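In what follows, every heavy atom counts, from backbone to side chain, and hydrogens, waters and symmetry copies are set aside. Not measured: the values here are computed from a predicted model. A note on names: the letters A, B, ... follow the listed sequences, proteins ahead of strands, and every chain is numbered from 1.
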There are 2 protein chains.
Amino acid sequence: MKRIAESTVRRLSIYLSFLEEIGARGVLTTSSDDLARLGGTTSAQVRKDLSFFGSFGKRGLGYSVPELSAHLREILGLGRKWNVCIVGAGKIGGALARYAGFAERGFNITGMYDSDPHKLGKMYSGVAVQDIVHLERDIKSGKYQIAILTVPPENAQNIVDILVGAGIKAILSFAPLQLTTPPDVTLRTVNMAMELEGLTFALTKRSSDQQY
Amino acid sequence: MKRIAESTVRRLSIYLSFLEEIGARGVLTTSSDDLARLGGTTSAQVRKDLSFFGSFGKRGLGYSVPELSAHLREILGLGRKWNVCIVGAGKIGGALARYAGFAERGFNITGMYDSDPHKLGKMYSGVAVQDIVHLERDIKSGKYQIAILTVPPENAQNIVDILVGAGIKAILSFAPLQLTTPPDVTLRTVNMAMELEGLTFALTKRSSDQQY
DNA sequence: AGGGGCTTGTGAATTTGTTCACAAACTTAG
DNA sequence: CTAAGTTTGTGAACAAATTCACAAGCCCCT
Ligand SMILES: NC(=O)c1ccc[n+]([C@@H]2O[C@H](COP(=O)([O-])OP(=O)(O)OC[C@H]3O[C@@H](n4cnc5c(N)ncnc54)[C@H](O)[C@@H]3O)[C@@H](O)[C@H]2O)c1
Ligand SMILES: NC(=O)c1ccc[n+]([C@@H]2O[C@H](COP(=O)([O-])OP(=O)(O)OC[C@H]3O[C@@H](n4cnc5c(N)ncnc54)[C@H](O)[C@@H]3O)[C@@H](O)[C@H]2O)c1
């Protein structure tokens, strides 16, 4: 199968959430034009994105909302539930653990780990914080497919190595540094300071620009 | 000035954090090769990224760490402090308000707003939650240059409209939906569910691929 | 002072991603 | 059943981003 651009995958996510929104409102069909308008792109882009995976529409008519939703869910790997653990039961880890939005999309937070004895046993939405020493065992036993990493930056690579060594293949990190994983492990990093820097770059550039 | 790609700006942030790290360890010079290795890119890419803004290195020698750091800070608009408000004093808003990493990078959270009477007056790292009705007034008075949006998705566009109407030019949203702003307002959205979907796409694709 | 050894800065080549434009395929109306 | 009206799916054209490749510049050594 051809390599799919990350930008395409992001857009598929956007299309899907839009489809689910209008699907919930009872809309039955939609068009590449509609999807484009709400996804901030063009109808050609929508059709090209979808064309990598098959042909899901009816010419002259558009797309069936429930059908296309189902296809996109399947493509994105949302046709099943995923068990996710959170490593680092601090401020951001705690907020994520209590966030209901993940479960809605099939991501179940079924484990939390921390190294601080004061955090052990603490409950977050029905999940107790366990000692970090059990993380490796639990991953090896296949309890989780995805790990969310919310430990301080100085410990992040160490935990990544443990996760990778125990066989995890997907990690979402919030630590603001560049982590390394082998090529068969997918790592995504959410770096909020970097997002803010994108904003200040734009603010600064704008005011120094002569013409817009 | 030529248009700079978002990917370039992201990489500049990465270079900067690496420079600050090695700078703190006392390293005085570095090379495009070093920056590439730690930023997960190539040396040619590093040089090309920098070349959009000037020429900061010495041939045969590399870059002065403090000099290049200063240039990048300037380019990214970090040569000053920024005042940031958080709208929505919930789980994620609270975690962000208490996060020390922003202040380190020159982003001061100097205001928080919420519509829930129970949240009003609550303190987060020395900042009291104010009533949302005061948001517009405070932005108009120039108190903030950046707003972080952490309200439920159904209220997010409404708050964006208030922010934009009051004159804000940069917004970082955590609400998982597509928001619209006029072209002179920069909006970035952090969508964590979408990041997880990027992971499940990779997990699903990998296992269905015949060859890697 | 000159030569060897590095590393930058940058056009040119290549690759990747987006947009165009239109035939094909479907619906609906008559 | 045919014609008019839509909207898809997709090669081809275009644009953007990345990588290549090398001259230019600098340091250091002799
Ligand atoms: N809080 C935020 O809003 C925010 C924003 C952006 C980035 N981040 C990043 O997210 C990460 C967590 O931030 P936070 O604010 O939640 O910090 P925090 O200090 O509140 O939480 C970190 C948690 O990790 C635990 N921990 C430390 N080392 C560990 C280890 N080796 N194994 C297991 N657990 C360990 C600590 O006991 C603590 O509970 C940091 O990398 C931070 O830079 C946080
Ligand atoms: N918690 C997470 O980890 C997480 C993860 C991903 C995305 N998000 C998104 O971030 C946003 C906030 O999530 P949360 O978990 O913190 O929710 P939350 O319910 O804990 O907090 C939302 C806060 O916004 C306030 N609010 C609601 N309407 C408002 C308005 N009109 N004006 C001002 N304040 C208002 C509420 O009173 C509440 O305090 C949501 O859009 C959510 O989807 C959260």
Side-chain angles (χ1 to χ4, degrees), chain A residues 1-15 18-19 22 27-72 75 178 198 201-202 205, chain B residues 1-16 18-19 22 27-72 75 198 201-202 205:
Chain A
M1 193 199 239
K2 206 155 150 280
R3 203 185 152 287
I4 304 297
E6 191 177 303
S7 52
T8 296
V9 179
R10 298 190 103 82
R11 283 191 299 266
L12 294 179
S13 283
I14 294 174
Y15 305 153
F18 170 57
L19 284 167
I22 63 171
V27 177
L28 290 178
T29 60
T30 187
S31 65
S32 56
D33 225 25
D34 289 348
L35 287 167
R37 202 138 357 90
L38 283 113
T41 179
T42 65
S43 62
Q45 180 75 79
V46 172
R47 296 197 299 276
K48 182 65 92 179
D49 286 339
L50 296 175
S51 77
F52 294 129
F53 302 96
S55 98
F56 308 116
K58 279 212 177 62
R59 295 174 189 220
L61 193 62
Y63 302 91
S64 146
V65 171
E67 253 180 50
L68 186 56
S69 298
H71 279 299
L72 286 181
I75 291 166
Q178 205 70 12
F201 175 78
K205 185 153 178 306
Chain B
M1 192 198 241
K2 207 157 149 276
R3 209 190 96 60
I4 304 297
E6 189 178 304
S7 52
T8 295
V9 179
R10 299 190 103 82
R11 283 191 300 268
L12 294 179
S13 285
I14 293 175
Y15 306 152
L16 176 57
F18 170 57
L19 285 167
I22 63 171
V27 177
L28 289 179
T29 60
T30 188
S31 66
S32 57
D33 224 25
D34 289 349
L35 287 168
R37 200 134 3 85
L38 283 114
T41 178
T42 66
S43 63
Q45 180 76 79
V46 172
R47 295 197 298 276
K48 182 67 89 181
D49 286 339
L50 296 175
S51 77
F52 294 130
F53 303 96
S55 97
F56 309 116
K58 278 210 179 64
R59 295 174 189 220
L61 193 63
Y63 302 91
S64 147
V65 171
E67 252 179 50
L68 186 56
S69 298
H71 279 299
L72 287 181
I75 290 166
F201 174 77
K205 185 154 177 305

Fill in: DNA chain D contacts among residues 39-46 of chain B, heavy-atom distance under 4.0 Å
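Close to the strand are Thr42(B), Ala44(B), Gln45(B).
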Worksheet item: Which parts of residues 59-67 of chain B get close to DNA chain D, meaning a heavy atom less than 4.0 angstrom away?
Response: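 By residue number: Arg59(B), Gly60(B).
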Provide, to the nearest angstrom, the distance between the [atom1] atom belonging to [X] and the [atom2] atom belonging to [N].
X	N	atom1	atom2	answer
Ile4(B)	dA16(D)	CD1	C1'	13 Å
Arg47(B)	dA17(D)	CZ	P	20 Å
Asp34(B)	dC6(C)	CG	P	15 Å
Leu35(B)	dT7(C)	CG	C1'	12 Å
Glu6(A)	dA17(D)	CD	P	15 Å
Asp49(A)	dT16(C)	CG	P	17 Å
Lys48(B)	dC22(D)	NZ	P	15 Å
Leu68(B)	dT8(C)	CG	P	10 Å

Discussion item. Are Leu68(A) and Leu35(A) packed together at the side-chain level, in the sense that at least one heavy-atom pair is separated by less than 4.5 angstrom?
Written reply: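 Yes - at least one pair of side-chain heavy atoms lies under 4.5 Å apart.
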Practice prompt. Please examine the side chains of Phe53(B) and Ile4(B), heavy atoms only from C-beta on, and report whether any two atoms are closer than 4.5 Å.
Written response: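 Touching, per the 4.5 Å side-chain cut-off.
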How long is the span from the [atom1] atom in [X] to the [atom2] atom in [Y], to the nearest 0.5 Å?
X	Y	atom1	atom2	result
Phe18(A)	Ser13(A)	CZ	OG	15.0 Å
Glu67(B)	Leu72(B)	CD	CG	11.5 Å
Leu19(A)	His71(A)	CG	NE2	11.5 Å

For the student: nearest non-hydrogen atoms of [X] and [Y], plus distance:
X	Y	value
Thr42(B)	Ala36(B)	C-CB, 3.3 Å
Gln178(A)	Leu38(B)	CG-O, 3.1 Å
Leu50(A)	Phe56(A)	O-CE1, 3.7 Å

Discussion item. Going by side-chain contact (heavy atoms from CB on, under 4.5 Å), name the residues that satisfy it together with Arg59(B), two or more places apart in sequence or in a different chain.
Written reply: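 For Arg59(B), no residue satisfies side-chain contact (heavy atoms from CB on, under 4.5 Å) once neighbours in sequence are set aside.
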Worksheet item: OP1, OP2 of dT8(C) versus side-chain N and O of Ser32(B): anything below 4.0 Å?
Response: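 For dT8(C), OP1/OP2 do have a side-chain N/O of Ser32(B) under 4.0 Å.
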Item to complete: Check whether any side-chain N or O of Ser7(B) sits under 4.0 Å from OP1 or OP2 of dA17(D), and answer yes or no.
Response: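 No, no such contact exists.
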Discussion item. What's the closest nucleotide to the side chain of Ser31(B) if the choices are dG17(C), dT7(C), dA17(D)?
Written reply: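 The listed nucleotide nearest to Ser31(B)'s side chain is dT7(C).
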Worksheet item: If you find the nucleotide of DNA chain C closest to Gly54(B) and the one closest to Lys58(A), which residue's nucleotide is nearer the 5' end?
Response: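 Its nucleotide being nearer the 5' end, the pick is Gly54(B).
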